[in-house]
**Q** 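Structure in structure tokens, see below.
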Amino acid sequence: MPRRYWLMKVEPEAYTIEDLERDGRTSWEGVRNYQARNFMRDQMQVGDGVLFYASNASPSGVTGLATIARAGYPDRTAWTKGHTYFDEGSDKANPTWYMVDIAFEERFPEIVPLETLKGTKGLENMMVTKKGSRLSVQPVTKAEYDIVARLGRKRVPGGNR
DNA sequence: GCCAACGTTGGC
DNA sequence: GCCAACGTTGGC
């Protein structure tokens with residue numbers, strides 16, 4: 001199966017690329033959206049590329065790269081009473097929610113802000129650049145992934161602003 | 001903190 | 001199955 005590529009959002013208050021660099025690897029529990037769930041459960045494979053996106057940040061943008069380290073498996077936080085991600089309706093025999101693990105790959109020297117993504121040729125069709133795109137797990141093309149990776153690695157004197 | 005856009009819920 | 005109300009996301 002060819003390598004696929006994804007963009008995964010997280011608020012810096014919850015987790016950052018620095019955290020991932022420190023941890024090396026982390027589990028991505030807590031996704032409670034069916035479309036995102038389907039991507040994690042049905043399509044993500046070990047080795048897939050991930051654009052790590054900081055949402056609700058100033059600015060928001062892609063802060064680094066990761067890879068899928070474990071393909072979709074049931075999100076057991078949905079069964080933990082009292083847990084933030086507890087979901088009464090999730091059946092253990094037929095789990096509603098799935099998670100994956102991701103591994104650190106690279107931290108960009110500077111964030112690639114959403115503004116930059118919006119203004120970069122070749123990224124016009126990226127979901128994240130479109131207004132009202134709330135999906136927290138999005139597929140991206142290899143071409144888009146490569147463009148963003150190149151932007152992230154580019155060192156600009158005085159910073160990438 | 002505001003608020004537009006979106007996904008989900010629930011009454012009918 | 002429609003759709004208004006509601007809660008959440010996320011850019012600004």
Side-chain angles (χ1 to χ4, degrees), chain A residues 4-21 23 26-44 48-66 68 72-102 104 106-141 144-145 147-152 154 156 158-161:
Chain A
R4 290 191 163 110
Y5 298 88
W6 309 96
L7 178 145
M8 296 174 81
K9 294 182 187 172
V10 63
E11 302 192 10
E13 200 165 296
Y15 205 76
T16 65
I17 192 70
E18 285 81 9
D19 293 332
L20 184 60
E21 183 171 29
D23 297 341
T26 195
S27 54
W28 209 260
E29 66 273 7
V31 172
R32 296 292 179 268
N33 169 281
Y34 288 104
Q35 214 181 335
R37 187 280 311 270
N38 291 346
F39 287 134
M40 296 202 296
R41 187 190 60 188
D42 306 333
Q43 294 197 37
M44 283 189 176
D48 284 1
V50 175
L51 299 173
F52 192 99
Y53 184 89
S55 63
N56 252 321
S58 40
S60 297
V62 179
T63 54
L65 304 177
I68 300 300
Y73 61 104
D75 181 347
R76 59 169 53 85
T77 64
W79 302 322
T80 310
K81 253 203 172 104
H83 196 285
T84 320
Y85 301 137
F86 177 69
D87 177 8
E88 183 107 49
S90 182
D91 178 8
K92 282 202 185 184
N94 183 18
T96 308
W97 304 115
Y98 281 73
M99 58 200 275
V100 296
D101 291 353
I102 68 169
F104 177 78
E106 194 173 321
R107 177 169 57 83
F108 293 158
E110 302 276 350
I111 190 171
V112 180
L114 179 58
E115 184 75 25
T116 302
L117 300 179
K118 285 180 176 170
T120 300
K121 208 172 172 216
L123 303 183
E124 300 86 358
N125 294 321
M126 259 184 110
M127 231 181 260
V128 77
T129 63
K130 298 193 172 158
K131 192 175 172 186
S133 158
R134 292 170 39 174
L135 194 58
S136 67
V137 174
Q138 310 178 352
V140 301
T141 66
E144 290 162 349
Y145 177 93
I147 290 170
V148 176
R150 190 161 357 101
L151 288 172
K154 193 189 290 178
V156 174
N160 296 339
R161 291 287 154 188

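All of these numbers come straight from a predicted model, not from anything done at the bench. Because only heavy atoms are used, hydrogens play no part in the values below, and waters and symmetry mates are left out as well, while side chains stay in. Letters A, B, ... mirror the listed sequences (proteins, then strands); counts begin at 1.
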**Q** Which residue, A:Asn56 or A:Tyr34, contacts DNA chain B at a nucleotide closer to its 5' end, judged by nearest heavy atom?
**A**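 So the residue in question is A:Asn56.
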**Q** Quick one: side-chain contact (heavy atoms from CB on, under 4.5 Å) partners of A:Arg41, sequence neighbours excluded?
**A** A:Arg37, A:Asn38, A:Tyr98
**Q** Is there a donor-acceptor pair under 3.5 Å between the side chain of A:Asp75 and the backbone N or O of A:Met99?
**A**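 No; zero donor-acceptor contacts below 3.5 Å.
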**Q** For the side chain of A:Thr16 and the backbone of A:Pro12, is there at least one donor-acceptor N/O pair under 3.5 Å apart?
**A**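 No, the answer is negative, given that no donor and acceptor are paired below the 3.5 Å cut-off.
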**Q** On DNA chain C, which is the earliest and which the latest nucleotide, 5' to 3', with an atom closer than 4.0 Å to a heavy atom of chain A?
**A**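 Both ends considered, the range comes out as C:dG7 to C:dC12.
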**Q** Could you check if a side-chain atom of A:Tyr34 sits within less than 4.5 angstrom of a side-chain atom of A:Phe39, using non-hydrogen atoms only?
**A** no
**Q** Would you indicate what A:Lys130 reaches in the nucleic acid, counting non-hydrogen atoms under 4.0 angstrom: base, sugar-phosphate, or nothing?
**A** nothing
**Q** In terms of the angle between their ring planes, are A:Trp28 and A:Phe52 parallel, tilted or perpendicular, with boundaries placed at 30° and 60°?
**A** perpendicular
